[in-house]
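The next block holds one structure in the form of structure tokens; read it before the comments.
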2 protein chains.
Amino acid sequence: MPDTPRLLDAIDRRILGELCQKADLSFAELGERVGLSAPATHERVKRLRADGRIKGTTAQLDGPAIGKPLLAFVHVDTSGWGKSPELMNLTELPELEEMHSVTGDTCMLLKVRLQSSQALEGFLSRLYKVTGVRATRSYVALSTYLERGVQAGISEELLETPDPSIGFVEP
Amino acid sequence: MPDTPRLLDAIDRRILGELCQKADLSFAELGERVGLSAPATHERVKRLRADGRIKGTTAQLDGPAIGKPLLAFVHVDTSGWGKSPELMNLTELPELEEMHSVTGDTCMLLKVRLQSSQALEGFLSRLYKVTGVRATRSYVALSTYLERGVQAGISEELLETPDPSIGFVEP
DNA sequence: AATGAAATTACCGCCCT
DNA sequence: AGGGCGGTAATTTCATT
């Protein structure tokens with residue numbers, strides 16, 4: 001299975017664009033939107049899955065509506081680096097949604113969605129029991145203005161050479 | 001429309017647990033897993049949608065496989081507060097996946113997925129053009145160990161009173 | 001265009017107020 | 001008696017060849 005089996009054409013992108021917003025379309029409906037017959041569309045989607053472009057389809061749950069009104073991002077400073085088995089154990093907690101190692105002043109970035117601030121305290125307490133965890137910094141979400149999965153589109157705009165006369169620095 | 005129309009029972013939670021992992025099960029299959037007939041399961045799912053527990057279903061795209069290998073979290077310092085129309089314009093960029101206002105030393109937290117580091121530069125450049133944006137700090141993901149949507153489960157573990165003898169502080 | 005599977009509706013019965 | 005909920009059967013829509 002090659003890494004980039006085939007190139008995506010315009011129709012593939014439109015299919016991905018539709019499916020990442022609403023995955024429960026019928027193939028007939030999806031085909032109509034992209035200008036293909038149902039079976040042809042089905043074939044495309046099967047290919048996109050086989051090529052690993054589409055990893056699967058999931059239901060989007062509403063955090064507050066299922067009892068998890070609190071969203072937080074936790075930066076973690078560790079003494080060691082990367083994937084420790086102990087750290088990976090946290091993965092079993094359904095409250096943990098993301099775990100990335102990142103560049104910058106911290107090593108690990110976690111995204112957690114919790115029942116309450118008490119649960120956040122419980123989570124941090126759990127985190128500090130992991131050997132190698134030095135310190136944490138938490139950012140609690142006050143409002144979420146946008147939250148969605150990977151989008152198919154790509155902006156030309158961002159690839160333009162930035163105007164050097166404007167200039168910016170990260171401190 | 002009441003905020004919490006009905007309470008979730010054990011079967012609802014199991015349905016949510018299945019669907020947030022794999023939303024393209026047949027109702028027959030899903031029903032088998034939770035111990036209900038297909039129509040009864042369908043009824044439950046319809047209710048969970050109507051009550052806003054399930055917001056929709058989406059395809060999970062693979063970032064690298066669709067040409068976006070770079071994931072970054074950008075903390076933004078703004079002079080004003082909250083939702084400015086100018087900031088909300090960024091929402092149109094498919095590279096922007098999340099935007100939250102957060103507690104802590106920065107005001108806004110963004111999640112972006114991009115084609116390249118050049119595109120990240122382009123994005124930051126675009127960001128600095130928004131009035132009120134003072135400074136940014138970017139965390140680029142080196143490895144993603146876990147990335148998933150809202151999970152249905154809730155850990156009892158985190159609600160236990162933390163052992164006060166351990167103790168921890170956020171600096 | 002045809003076949004088989006699945007979603008969806010209709011309708012009936014049970015249980016617990 | 002009635003409302004909520006689940007089961008079976010019938011129908012329509014959709015996936016798949």
Side-chain angles (χ1 to χ4, degrees), chain A residues 1-2 5-62 64-68 148-152, chain B residues 1-62 65-66 149-154:
Chain A
M1 157 164 50
R6 287 178 263 285
L7 288 177
L8 292 174
D9 67 13
I11 294 185
D12 288 325
R13 284 225 174 263
R14 287 173 63 195
I15 289 176
L16 293 174
E18 297 291 338
L19 291 185
C20 72
Q21 297 193 261
K22 192 168 192 312
D24 52 2
L25 294 174
S26 72
F27 287 108
E29 171 67 23
L30 178 57
E32 189 158 339
R33 297 190 189 186
V34 305
L36 249 42
S37 71
T41 309
H42 183 255
E43 200 52 45
R44 292 269 189 159
V45 172
K46 225 165 48 182
R47 219 184 58 198
L48 290 168
R49 281 179 173 270
D51 294 349
R53 294 333 202 310
I54 299 175
K55 292 193 287 190
T57 95
T58 62
Q60 264 50 55
L61 308 187
D62 185 273
I66 64 162
K68 297 179 177 180
R148 60 187 179 191
V150 181
Q151 299 297 108
Chain B
M1 161 167 44
D3 217 22
T4 319
R6 288 178 261 285
L7 289 178
L8 293 175
D9 67 12
I11 294 186
D12 288 324
R13 284 224 175 264
R14 288 174 61 196
I15 289 176
L16 294 174
E18 296 292 339
L19 290 186
C20 71
Q21 297 193 262
K22 191 169 192 315
D24 52 2
L25 295 174
S26 73
F27 287 109
E29 172 67 24
L30 178 58
E32 190 160 336
R33 296 190 189 185
V34 304
L36 286 181
S37 70
T41 309
H42 182 254
E43 198 55 45
R44 292 269 190 159
V45 172
K46 226 166 47 182
R47 223 184 55 196
L48 290 167
R49 281 178 171 272
D51 293 348
R53 293 335 203 309
I54 299 176
K55 293 194 285 189
T57 96
T58 61
Q60 264 50 55
L61 307 187
D62 186 273
I66 64 162
V150 181
Q151 299 297 108
I154 286 185

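Chain A is the first sequence line, chain B the second, and so forth, proteins listed ahead of strands; every chain is numbered from 1. Quick caveat, the model's predicted, so the values are computed rather than measured. Computation of the quantities below employed the complete heavy-atom set of this structure, encompassing side-chain atoms and omitting hydrogens, waters and symmetry-equivalent molecules.
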Point to revise | Rounded distance (Å) that lies between atom P of C/dA6 and atom CD of B/E29 | key: 10 Å
**Study point:** Residues that A/D24 engages under salt bridge (charged side-chain N to carboxylate O under 4.0 Å, His left out), provided they are two or more places apart
**Key:** A/K22, B/R49
Revision key, fill the gap. Per-nucleotide protein contact along nucleotides 11-17 of chain C, 5' to 3', at a 4.0 Å heavy-atom cut-off (B base, S sugar-phosphate only, - neither), is -------
Practice item. With sequence neighbours excluded, tell me which residues meet salt bridge (charged side-chain N to carboxylate O under 4.0 Å, His left out) with A/E32. Key: none
**Study point:** Polar side-chain atom of A/R53 near backbone of B/I66 as donor-acceptor pair, under 3.5 Å
**Key:** no
Exercise for review: Quick one: list whatever passes side-chain hydrogen bond (donor to acceptor under 3.5 Å, both in side chains) with B/E29, sequence neighbours left out.
Suggested key: B/R33
Review point. Just how large is the angle between the end axes of the helix from C/dA1-D/dT17 to C/dT17-D/dA1, five pairs per end, to 10 degrees?
Key: 10°
Revision key, fill the gap. Taken to the nearest whole Å, CD/B/E32 to P/D/dG7 is 13 Å
Exercise for review: Mind checking the CG-CD1 spacing from A/D12 to A/I54? Nearest 0.5 Å is all I need.
Suggested key: 9.0 Å
Revision key, fill the gap. The salt bridge (charged side-chain N to carboxylate O under 4.0 Å, His left out) partners of A/K55 (sequence neighbours excluded) come to none
Check your understanding: To the nearest 0.5 Å, how far apart are CD1 in A/I15 and CZ in A/R47?
Key -> 8.5 Å
**Study point:** A/K68 side chain to B/I154 backbone, donor-acceptor under 3.5 Å
**Key:** no
Review point. Between residues 17-27 of chain A and DNA chain D, which residues have a heavy-atom gap below 4.0 Å?
Key: A/S26, A/F27
Point to revise | Contacts of B/T57 that satisfy side-chain hydrogen bond (donor to acceptor under 3.5 Å, both in side chains) - sequence neighbours left out | key: none
Point to revise | Over all atoms of both residues, closest heavy-atom pair of A/T41 and A/G31 | key: OG1-CA, 3.1 Å
Point to revise | Under 4.0 angstrom between B/H42 side-chain N/O and C/dT8 OP1 or OP2 | key: yes
Study note, to complete from the structure: Residue pairs meeting ring-ring contact (aromatic ring centres under 6.0 Å, His included), one or both in residues 26-57 of chain A, sequence neighbours left out, come to A/F27-A/H42
Exercise for review: Applying salt bridge (charged side-chain N to carboxylate O under 4.0 Å, His left out), name anything that partners B/R14, two or more places apart in sequence or on another chain.
Suggested key: none
Sub-3.5 Å pairs of nitrogen or oxygen atoms, protein against nucleotides 3-5 of chain D:
none

Revision key, fill the gap. The reported gap from CD in A/E43 to CG in A/L48 (rounded to nearest 0.5 angstrom) is 10.5 Å
Practice item. Quick one: closest heavy-atom pair of B/L36 and B/I11, and the distance? Key: CD1-CG2, 3.9 Å
Practice item. Using a 4.0 Å cut-off on protein heavy atoms (strictly under), produce a 5'-to-3' string for nucleotides 8-13 of chain D with B for base contact, S for backbone-only sugar-phosphate contact, and - for none. Key: BB----
Review point. Rounded to whole angstrom units, what separation is found between the CD atom of B/E43 and the C1' atom of C/dT9?
Key: 10 Å
Practice item. Return yes if some donor-acceptor pair links the side-chain N/O of A/E18 with the main-chain N/O of A/L30 below 3.5 Å, else return no. Key: no
